Undergrad: 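Below is a structure I'd like to ask you about.
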Amino acid sequence: MMKRGSFYVLIGLGSFFLLFLMLDERFGSPLVYQIQPTAAVPHTKQKKIAPKEKLAKIQKPVEVLLLPDTAGVKKKLKPASSEKILEQIISTQRKLISKDMKGYEYPDGKYNISASKLEDLVMEKHGRPVRSLIVTTWRSGSTFFGDILNAHPANYYHYEPLLAFDIVQVRGPPLSSKALKWVKDLLNCEYEDLGEYIDYGKPHPWVFNHNTNLWKQCERHKGVCYDHKFLSSMCKLFPFQSMKLVRLRLRIAQELLADEKLAVRMVLLVRDPRGILQSRKHRDWCPSSPDCFDPALTCADLVSDYKVAVELLKKYPTRFKVIRYEDLSLDPYKHVEELYKFYGLNLHPKTKKFLDSHTKASKGGVSSTFRNSAIAPFHWRTDLEFAEVEGIQEYCTTAMKYWGYVPAMNATHQKEFNPVTNYALK
Ligand SMILES: *[C@@H]1O[C@H](CO)[C@@H](O)[C@H](O)[C@H]1NC(C)=O
Ligand SMILES: *[C@@H]1O[C@H](CO)[C@@H](O)[C@H](O)[C@H]1NC(C)=O
């Protein structure tokens with residue numbers, strides 16, 4: 001049983017890194033490109049050296065999940081909406097989750113979470129899932145962070161629910177009420193009113209394809225993912241629900257923390273505006289939208305997020321946290337462990353081992369994932385002209401002071417200095 005569980009993690013890790021490769025062109029994080037090649041290697045190796053029967057054993061449950069009704073069904077091509085097929089997918093998924101959760105260390109009072117068994121975390125059993133949120137903006141390193149949370153096989157990933165809003169920031173009415181309604185409905189696994197969200201997902205597969213567990217079904221059974229009843233039932237099976245939000249500013253997102261019934265845990269992920277804007281320069285979807293390219297708007301958001309964050313840290317000391325992308329990249333192992341604890345998640349031994357091997361490799365001096373990840377946040381120092389940096393800093397003095405980023409004084413200084421102060425928000 002344990003062995004099988006570990007294989008799922010391997011397969012899970014392998015496939016989400018493959019997903020990066022194929023589908024993350026548009027919304028990838030700066031870190032992701034350093035992470036994937038090394039991560040993909042052990043997976044491929046593992047597959048090659050595994051004896052044939054062993055492989056069959058690994059893949060069997062996946063097959064069962066994909067083809068709940070025996071192989072004949074595929075040929076007959078029953079309509080995907082057939083109630084019976086949907087029920088079978090749900091029932092198989094339920095069994096898989098319960099297998100994946102064997103050996104899970106439940107909080108049982110730790111981290112102020114009382115759950116001591118699977119049902120306590122499952123909505124269809126009237127439990128409350130662990131809801132882990134990331135609030136950030138475009139190009140701030142959230143893809144890596146989001147996929148680490150999605151590494152557990154029993155996670156359901158609400159990947160950026162506001163894609164249909166296009167390249168805009170939600171800072172207040174009239175957009176805010178619609179945005180909050182969508183987000184809350186998703187966190188409650190209520191898809192009934194989410195027709196517009198679902199319709200947007202038809203030509204834009206990335207609405208669903210980061211949600212690895214769901215996407216397997218979307219690919220296999222045509223149309224199931226446009227069926228709100230199926231989506232609701234599927235969602236309600238999962239003990240872990242994660243979501244990343246890149247369009248909702250903290251002033252609005254704080255309302256999610258106020259909802260005691262949801263009991264979300266939220267991390268605000270912050271990045272140096274010079275790094276953000278340099279990274280956005282390379283995205284073709286950015287230049288037409290001021291919310292994306294304008295340093296004045298980006299830094300006004302950073303200032304506003306700061307002011308709200310100070311209040312939220314006092315109000316929700318156990319459910320709200322702040323992290324800078326630069327700190328996360330410089331010491332990912334330490335921070336991932338801290339973040340897991342904050343969310344009340346039990347770091348899976350395999351995920352731990354995975355991170356472990358990566359941090360060790362970087363100490364050995366090999367050109368490794370995390371060694372590269374330590375450089376990634378600072379590319380702007382060599383990629384931007386000093387004039388551009390000055391242009392950004394002009395609008396970002398306050399934002400940079402609040403979040404502990406040092407201004408570059410001249411072209412030479414820019415290439416040599418450490419832009420990050422040793423700092424913690426109080
Ligand atoms: C623990 O959770 C309860 C409700 O779930 C809440 O009222 C209380 O403030 C929380 N305690 C801490 C320290 O966050
Ligand atoms: C650039 O700025 C640094 C830090 O303020 C300063 O020490 C140095 O003298 C400056 N160099 C030039 C050429 O102005």
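Note that ligands are numbered from 1 as they come in the structure, with each ligand's atoms numbered from 1 the same way. If you're wondering where the values come from, they're calculated on a predicted model, not measured in any experiment.
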Undergrad: Yes or no, since that's all I need: does a protein heavy atom fall within a distance strictly under 4.0 Å of atom 11 (N) of ligand 2?
TA: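 Protein heavy atoms within 4.0 Å of atom 11 (N) of ligand 2 - there is at least one.
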Undergrad: What residue and atom, counting heavy atoms only, is the protein's closest point to atom 5 (O) of ligand 2, and at what distance?
TA: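 Protein heavy atom with the smallest distance to atom 5 (O) of ligand 2: Met409 CG, 3.3 Å.
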Undergrad: Within 4.0 Å of atom 7 (O) of ligand 2 (strictly less), any protein heavy atom?
TA: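 No; the ligand atom in question lacks any protein heavy-atom contact below 4.0 Å.
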Undergrad: Is Lys236 salt-bridged to Glu190, going by a charged N under 4.0 Å from an acidic O?
TA: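 Judged by the 4.0 Å cut-off on N to carboxylate O distance, Lys236 and Glu190 do form a salt bridge.
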Undergrad: Please verify the inter-ring angle class for Phe238 with Tyr156; under 30° counts as parallel, over 60° as perpendicular, anything in between as tilted.
TA: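 Taking Tyr156 first and then Phe238, their aromatic rings sit tilted (interplane angle of 30° to 60°).
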Undergrad: Does Tyr111 have Lys341 sitting over its ring (NZ/CZ under 6.0 Å from centre, angle to axis within 45°)?
TA: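 Lys341 over Tyr111 ring: no.
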Undergrad: With only distance considered, is Asn410 within less than 3.5 Å of ligand 2 through an N or O on each side?
TA: yes
Undergrad: Stepwise, does the side-chain contact (heavy atoms from CB on, under 4.5 Å) test hold for Ile323 with His335?
TA: CA-CA 9 Å; Ile323 188 164; His335 289 291; 3.6 Å; yes
